[in-house]
Number of protein chains: 2
Amino acid sequence: MTLKELAQILGLSPTTVSRALNGYPEVSESTRRRVAEAATRHNYHPNVQAKRLATGRAMAIGHVIPISTQHEIVNPVFADFIAGAGEVYARAGYDMIISIVADDDEEQAYRTLRSKGNVDGVIVHGPKRGDPRPALLDELGLPYVVHGRVSDYAAPYAWVDVNNTRAFERGTAFLSDLGHRRIALVNGLESMDFAARRREGYEAALAARGLARDPALMTAGEMTEAQGYDAACAMLSLPDPATAFLTSSLLSAMGVRRAIEERGLALGRDVSVLTHDDELSYMKNGTELPIFTATRSSVREAGRICAQMLLDRIAAGPEAPIATRLLEAVLVVGQSTAPARHLIAS
Amino acid sequence: MTLKELAQILGLSPTTVSRALNGYPEVSESTRRRVAEAATRHNYHPNVQAKRLATGRAMAIGHVIPISTQHEIVNPVFADFIAGAGEVYARAGYDMIISIVADDDEEQAYRTLRSKGNVDGVIVHGPKRGDPRPALLDELGLPYVVHGRVSDYAAPYAWVDVNNTRAFERGTAFLSDLGHRRIALVNGLESMDFAARRREGYEAALAARGLARDPALMTAGEMTEAQGYDAACAMLSLPDPATAFLTSSLLSAMGVRRAIEERGLALGRDVSVLTHDDELSYMKNGTELPIFTATRSSVREAGRICAQMLLDRIAAGPEAPIATRLLEAVLVVGQSTAPARHLIAS
DNA sequence: ATGAAAGCGCTAACAA
DNA sequence: TTGTTAGCGCTTTCAT
């Protein structure tokens with residue numbers, strides 16, 4: 001069923017039908033109703049390709065994923081974000097295009113996307129310090145919103161981010177309030193903007209409390225179970241061992257837990273663990289893991305916000321002012337962050 | 001830069017340029033070279049929208065994700081699969097369209113996809129027993145490949161699946177060979193085809209060894225850490241407790257482990273744990289989790305195979321014979337599946 | 001308030 | 001081997 005056919009049936013011109021369907025004002029209400037009714041009755045759906053060609057808009061948003069951004073896509077954080085964004089796109093009649101590219105081809109991927117014209121805008125995932133993408137996209141004139149921030153990009157750009165600095169500042173302060181003085185940081189790769197910000201928050205809190213910043217209690221790397229395990233093994237074996245851990249990932253926290261248990265220490269009694277949770281929504285899958293405490297933010301919600309911001313931006317045109325959005329993480333306190341036993345005793 | 005402009009520059013007709021670029025045989029080699037050279041030099045990229053409209057092919061593959069298929073997309077298995085499929089699409093110049101839809105709208109989503117014509121085919125994820133999608137897609141004439149199987153769909157259809165039945169049959173047999181007679185199954189939701197097949201494999205092995213099928217040792221549900229924990233607590237407390245666990249998910253296995261450790265039992269000494277791993281690629285993230293044993297299959301590879309099969313199918317046309325592909329899981333044996341201590345002693 | 005006509009950028013018969 | 005001519009299904013001036 002094409003527009004032409006539908007028009008024929010109604011005894012109208014394709015123009016009028018098009019106008020009626022797209023909500024143009026100059027169509028009489030009676031005609032509009034007739035057209036709408038006929039459209040649903042004949043199960044008419046405009047051909048997207050034709051629409052795209054005629055309007056020049058792709059009606060699609062791109063997500064470019066370098067193949068080995070540590071399997072970005074396999075990251076539940078990413079997946080949850082995508083789910084949120086997808087909801088928004090679907091509601092707006094936009095397609096979501098996921099583009100998996102070899103690492104070296106990322107720049108070319110954006111250029112191609114641009115010149116082939118198969119997206120109206122893109123979301124930038126996993127920004128690093130010194131990330132080249134904002135500059136590239138600005139140059140290409142391809143609308144974008146960054147999920148996270150590129151702290152050292154000078155020009156204004158649209159972003160949606162969790163307040164990582166503040167989350168880790170508060171987490172550290174919280175552990176300090178419990179009496180801990182040896183608070184370890186098990187962080188993600190600090191080339192990533194979010195991880196750098198987390199460290200900054202951690203350090204700010206230490207400084208504010210007059211606690212020493214001990215490199216032996218700070219580690220950064222791939223956020224895996226093994227990372228947490230290895231880090232905790234080392235930090236629990238120090239002459240002046242860690243009594244609390246602040247980790248960047250639930251996986252790392254699980255590794256920390258394993259190290260703690262192996263030593264016969266009690267979680268939440270001898271040692272406290274606090275983790276910033278983005279993955280929890282996946283890991284717990286509806287059931288609370290009682291062993292962890294988390295600062296919790298909704299990645300899916302971030303996806304929705306990011307997507308909506310991009311659509312708004314596309315609709316508003318390139319001259320419109322640039323929006324940003326900072327989401328606060330919620331500190332959720334659980335068993336594993338009780339004051340350490342020996343701290344109470346002393 | 002459009003085809004027309006490029007043709008003008010070259011003093012050729014758009015047709016010839018198009019033919020040269022698309023590898024049609026009737027173009028002279030010299031012309032083809034000239035055209036190709038000019039195209040790269042002027043950074044020409046054909047407009048996808050126009051191509052789509054002219055050819056009627058969408059040059060895109062759809063993945064429809066019901067919003068709450070337990071957050072299918074948040075499932076690392078899904079994400080890894082997508083990454084594999086994405087590679088293939090990219091190489092073939094196809095877009096990957098992810099469509100997030102409300103659960104009730106899934107059927108409508110396929111119909112709309114069809115009539116809007118924005119995909120050439122779809123991949124069916126997470127098939128259940130009695131899944132209505134193959135019939136719907138056959139009716140719509142929309143090419144598809146199922147990742148998994150719909151065992152009770154009568155008509156032939158294209159699928160790519162891991163041999164779940166055999167994997168669990170072998171896993172059970174393996175545990176039995178170690179001397180275990182009380183082997184528990186902690187399965188996924190058995191409305192899912194893969195989980196039903198796993199149970200069938202488990203039961204077949206029990207029957208083959210003359211072991212009793214004890215409902216108290218069989219559970220099925222959401223594959224979470226909590227599920228494994230709860231199941232193991234119950235099954236270890238039986239008058240005749242489980243000595244080995246076969247689980248459908250690494251998360252469940254982690255729960256089982258927690259229950260075992262809480263009881264002061266030693267993993268791989270007092271109790272064996274074997275888990276079918278699809279998630280391991282994510283969980284371990286390059287590092288072996290020493291505590292688990294896994295039958296391992298590459299989900300990403302399955303994604304590649306599935307995608308390629310679909311593209312082939314689309315190219316071959318609706319009359320072409322239907323392909324299927326069964327992947328064997330590899331049984332990887334680790335510490336946690338050593339024969340239970342008391343079994344050796346007795 | 002409605003319609004006629006041109007065109008978006010490309011492909012694909014059909015001619016030459 | 002190359003070019004001419006129609007479209008693909010829709011939007012969008014410009015008339016009426």
Side-chain angles (χ1 to χ4, degrees), chain A residues 1-36 38-39 42-60 93-95 112-120 315, chain B residues 1-36 38-39 42-60 93-95 112-120 315:
Chain A
M1 172 65 54
T2 71
L3 187 70
K4 211 169 172 179
E5 292 168 353
L6 190 63
Q8 208 119 45
I9 293 176
L10 287 161
L12 288 170
S13 76
T15 318
T16 305
V17 176
S18 169
R19 281 201 273 247
L21 258 23
N22 291 301
Y24 281 64
E26 63 266 43
V27 181
S28 80
E29 263 320 305
S30 61
T31 317
R32 193 190 301 285
R33 246 198 314 283
R34 261 185 69 217
V35 171
H42 291 90
N43 195 32
Y44 167 78
H45 291 276
N47 179 305
V48 197
Q49 326 300 354
K51 194 169 194 156
R52 293 196 225 263
L53 182 57
T55 59
R57 283 174 307 148
M59 297 302 289
Y94 273 71
D95 283 342
T112 307
L113 232 40
R114 177 46 159 181
S115 61
K116 290 207 306 181
N118 47 183
V119 301
D120 294 321
Chain B
M1 172 63 55
T2 72
L3 187 70
K4 212 168 169 180
E5 293 167 353
L6 190 63
Q8 209 119 44
I9 293 176
L10 287 162
L12 288 171
S13 76
T15 318
T16 306
V17 177
S18 168
R19 281 200 273 245
L21 259 22
N22 291 300
Y24 280 64
E26 63 265 44
V27 181
S28 78
E29 262 319 305
S30 61
T31 318
R32 192 189 301 285
R33 247 199 312 283
R34 262 186 68 217
V35 170
H42 291 90
N43 195 32
Y44 167 79
H45 290 276
N47 180 305
V48 197
Q49 327 299 355
K51 194 169 195 156
R52 292 196 225 263
L53 183 58
T55 59
R57 283 173 308 148
M59 298 301 288
Y94 274 71
D95 284 342
T112 306
L113 233 40
R114 177 46 159 181
S115 60
K116 290 207 307 181
N118 48 183
V119 300
D120 294 320

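Per chain, numbering begins at 1; letters A, B, ... match sequence-line order.
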Which atom of A:Ser13 lies closest to which atom of A:Ala7, heavy atoms considered: C-CB, 3.7 Å

Side chain to side chain donor-acceptor pair (under 3.5 Å) partners of A:Thr31, counting only residues at least two apart: A:Ser28

Residues in side chain to side chain donor-acceptor pair (under 3.5 Å) contact with B:Arg114, at least two apart in sequence or another chain: none

Below 4.0 Å: OP1/OP2 of C:dG3 and any side-chain N or O of A:Thr16: yes

Pairing residues for B:Asn47 by the side chain to side chain contact (heavy atoms under 4.5 Å, CB included) criterion, not counting sequence neighbours: B:Gln49, B:Ala50

Gap separating the NE2 atom of B:His42 from the CG atom of B:Leu6, nearest 0.5 angstrom: 7.0 Å

Value in whole Å for how far the P atom of C:dA4 lies from CD of A:Gln8: 11 Å

Between the protein and nucleotides 12-16 of chain C, are there any N/O to N/O pairs under 3.5 Å, and if so, what are the atom names and distances?
from	atom 1	to	atom 2	distance (Å)
C:dA12	OP2	B:Tyr24	OH	2.7
C:dA12	N6	B:Thr15	OG1	3.0

Euclidean distance, B:Ser18 OG relative to B:Leu12 CG, rounded to 0.5 Å: 12.0 Å

Heavy-atom pair of closest approach, residues A:Arg32 and A:Val27: NH2-O, 3.7 Å

Pair A:Asn43-A:Met1, side chain to side chain contact (heavy atoms under 4.5 Å, CB included): steps then yes or no: CA-CA 8 Å; A:Asn43 195 32; A:Met1 172 65 54; over 6 Å; no

For A:Ser115, side chain to side chain donor-acceptor pair (under 3.5 Å) partners two or more places apart: none

Of residues 44-53 of chain A, the positions that come close to DNA chain C - non-hydrogen atoms, cut-off under 4.0 Å: A:Leu53

Pairwise salt bridge (Lys or Arg N to Asp or Glu O under 4.0 Å) hits with a residue in residues 42-52 of chain A, at least two apart: A:Arg52-A:Asp95

A:Asn118 CG to C:dC10 P, straight-line distance once rounded to whole Å: 13 Å

A:Thr2: side chain to side chain contact (heavy atoms under 4.5 Å, CB included) partners, not counting sequence neighbours: A:Lys4, A:Glu5

5' to 3' contact window, DNA chain D with chain B (heavy-atom distance under 4.0 Å): D:dT1 to D:dG9

With A:Glu26 via side chain to side chain donor-acceptor pair (under 3.5 Å) - residues at least two apart: none

Whole-Å distance separating the NZ atom of B:Lys4 from the C1' atom of C:dC8: 10 Å

Atom-to-atom span, CE of B:Met1 to C1' of C:dC10 - whole angstrom: 15 Å

Axial bend angle, the helix from C:dA1-D:dT16 to C:dA16-D:dT1: five-pair end segments, nearest 10°: 40°

d(CE, B:Met59; C1', C:dT11) in whole Å: 13 Å

Residues which pass side chain to side chain contact (heavy atoms under 4.5 Å, CB included) with A:Ala54, listed by chain and number, not counting sequence neighbours: none

